[in-house]
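Letters go in sequence order (proteins before strands), and every chain restarts at 1.
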2 protein chains.
Amino acid sequence: MPRLDATDEQILAALTDNARATFAEIGARVNLSAPAVKRRVDRLLDLGVIRGFTTVVDRSALGWHTEAYVQVYCQGAIAPAELRRAWEDIPEVLSAATVTGTADAILHVLARDMQHLESALERIRSRADLKRSESIVVLTNLIDRSRTADPGEGG
Amino acid sequence: MPRLDATDEQILAALTDNARATFAEIGARVNLSAPAVKRRVDRLLDLGVIRGFTTVVDRSALGWHTEAYVQVYCQGAIAPAELRRAWEDIPEVLSAATVTGTADAILHVLARDMQHLESALERIRSRADLKRSESIVVLTNLIDRSRTADPGEGG
DNA sequence: CCTGAAAATACATGCCA
DNA sequence: TGGCATGTATTTTCAGG
């Protein structure tokens with residue numbers, strides 16, 4: 001099993017900070033040339049240590065402040081993977097999980113306003129064969145760090 | 001308040017898929033030229049909708065399978081931000097949170113083996129002024145999706 | 001395993017539709 | 001807005017220590 005040295009750790013830290021940094025920029029931070037950084041990143045990708053590169057999206061910057069938890073009751077038994085496929089492309093869905101209890105799944109939904117929320121619920125219902133759904137709209141968020149890149153510096 | 005059109009949503013989806021995709025690649029997916037994509041991405045950055053770009057790291061690919069929850073008792077009162085700074089650069093620390101109860105904080109730690117875990121605990125203790133700590137080692141994980149980029153395809 | 005250089009790509013800009 | 005054209009930067013490959 002391969003082990004990472006201190007330079008690999010620094011490269012991972014740099015890429016976690018900014019996945020679009022150039023190899024030269026990373027190299028300046030870890031005292032390495034750009035080609036050397038690239039080869040290490042390629043190796044980390046090859047090993048599966050780097051799973052991929054993503055973007056952290058914050059829709060509250062667009063004034064999306066209407067938030068709801070939606071309990072969903074399916075028509076018969078549906079595989080979790082199927083539900084994921086049904087909803088993963090709906091940008092209003094922050095998270096979805098199958099749960100214990102009477103509901104089959106619970107979705108966390110973020111929208112601009114009530115009208116927008118209603119249209120999102122419409123899309124959520126149309127993509128899966130649901131018996132019914134029950135929405136709980138959030139009045140005030142007491143604690144929420146899930147949409148904050150750096151919990152120490154507010155949002 | 002600005003609103004995003006369907007093309008912006010597609011660009012966000014593409015960047016969430018792969019934050020290091022080139023503007024030309026994204027353009028091919030959304031039927032736009034590379035400069036047009038760049039201008040939209042710049043606008044999304046400007047609006048704060050794109051918070052940044054990160055890397056998803058999976059250390060289980062390196063055979064890190066020894067996992068523990070560490071309850072930590074501080075020497076007097078310490079600000080959460082201070083604890084975060086103390087531990088955020090330790091790669092073995094998956095998460096850290098201040099908690100209710102008798103302990104001040106709980107850390108989720110992942111290491112290669114017991115020896116490696118011990119050295120990580122040593123570092124954790126040395127970076128903060130701790131009275132004592134108490135480790136609970138995980139025997140078997142029943143459910144854990146936190147380190148899985150795509151829950152539908154196992155890890 | 002690294003650096004340094006060269007060729008192939010991609011980015012950033014200005015200008016025009 | 002978007003597309004095209006251009007100069008600049010970056011990536012990627014290769015030679016050499």
Side-chain angles (χ1 to χ4, degrees), chain A residues 1-59 61-64 89 91-92 112 116 119 149, chain B residues 1-59 61-64 89 91-92 112 116 119 149:
Chain A
M1 197 66 78
R3 288 176 57 160
L4 306 186
D5 63 14
T7 305
D8 289 319
E9 293 293 352
Q10 286 180 289
I11 290 173
L12 284 179
L15 281 173
T16 301
D17 248 40
N18 175 18
R20 281 183 80 91
T22 67
F23 293 132
E25 283 166 352
I26 300 168
R29 194 160 144 180
V30 306
N31 293 104
L32 231 54
S33 68
V37 173
K38 182 202 180 322
R39 271 187 311 154
R40 280 170 181 263
V41 171
D42 284 345
R43 176 170 157 267
L44 292 170
L45 280 164
D46 218 53
L47 289 171
V49 175
I50 295 177
R51 274 280 185 94
F53 306 99
T54 20
T55 300
V56 13
V57 173
D58 177 12
R59 287 198 151 63
L62 291 170
W64 291 29
D89 288 331
E92 289 86 351
R112 259 192 317 278
H116 182 197
S119 89
Chain B
M1 197 67 76
R3 288 175 57 158
L4 306 187
D5 63 14
T7 306
D8 289 319
E9 292 293 352
Q10 286 181 288
I11 290 173
L12 284 180
L15 280 174
T16 301
D17 248 40
N18 175 18
R20 281 183 81 90
T22 67
F23 294 131
E25 284 166 351
I26 300 168
R29 193 161 143 178
V30 307
N31 293 104
L32 231 55
S33 69
V37 173
K38 183 202 180 322
R39 269 196 298 252
R40 279 171 180 263
V41 171
D42 285 344
R43 175 169 158 266
L44 292 170
L45 280 164
D46 219 54
L47 289 171
V49 176
I50 295 178
R51 274 277 186 94
F53 307 98
T54 19
T55 300
V56 14
V57 173
D58 177 12
R59 290 208 149 72
L62 292 170
W64 291 29
D89 287 332
E92 289 86 352
R112 258 191 317 277
H116 181 197
S119 89

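Taking atom CZ on B:Arg43 and atom C1' on D:dG2, their separation rounds to 14 Å, with Å as the unit. Taking atom CG of residue A:Leu45 and atom P of nucleotide D:dT12, one finds them 11 Å apart after rounding to whole Å. Atom CZ in A:Phe23 sits about 15 Å away from atom P in C:dT3, given to the nearest Å. The nearest whole Å value for the distance from the CZ atom in A:Arg20 to the P atom in D:dA9 is 18 Å. B:Asp42 places its CG atom 7 Å from the P atom of C:dA12, with the value rounded to the nearest Å. When the P atom of C:dA12 is taken as reference, atom CG of B:Asp46 falls 14 Å away, rounded to whole Å. The distance from atom CD1 of A:Ile26 to atom P of D:dT12 is 12 Å, rounded to the nearest whole Å. Look at CG on B:Leu32: it is 14 Å from P on C:dC11, rounded to the nearest Å.
Annotation: side chain of B:Thr55 is not in contact with side chain of B:Arg20 (no heavy-atom distance under 4.5 Å). Counting heavy atoms from C-beta on, the side chains of A:Val49 and B:Trp64 never come closer than 4.5 Å.
Note that CD of B:Glu25 is 10.5 Å distant from CZ of B:Arg29, once rounded to the nearest 0.5 Å. Rounding to the nearest 0.5 Å gives a distance of 7.5 Å between CG of A:Leu4 and CG of A:Leu47. Interatomic distance, B:Leu44 CG to B:Ile50 CD1, rounded to the nearest 0.5 Å: 4.5 Å.
Using a 4.0 Å heavy-atom criterion, one finds that A:Arg40 contacts the sugar-phosphate atoms exclusively.
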Using side chain to side chain contact (heavy atoms under 4.5 Å, CB included), reason through B:Val30 and B:Arg40 one step at a time and then give a plain yes or no.
CA-CA 12 Å; B:Val30 307; B:Arg40 279 171 180 263; over 6 Å; no
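One finds no side-chain N or O of B:Arg39 lying less than 4.0 angstrom from the OP1 or OP2 phosphate oxygen of D:dG2. Remark: B:Lys38 is not in phosphate contact with C:dC11, judged by side-chain N or O atoms under 4.0 Å from OP1 or OP2.
Contacts between residues 7-18 of chain B and DNA chain C, defined by a heavy-atom separation under 4.0 Å, are absent.
Looking at the side chain of B:Pro35, the nearest of the listed nucleotides C:dA10, D:dG3, C:dT13 is C:dT13.
The nearest pair of heavy atoms linking B:Pro2 to B:Arg43 is CB-NH2, 4.0 Å.
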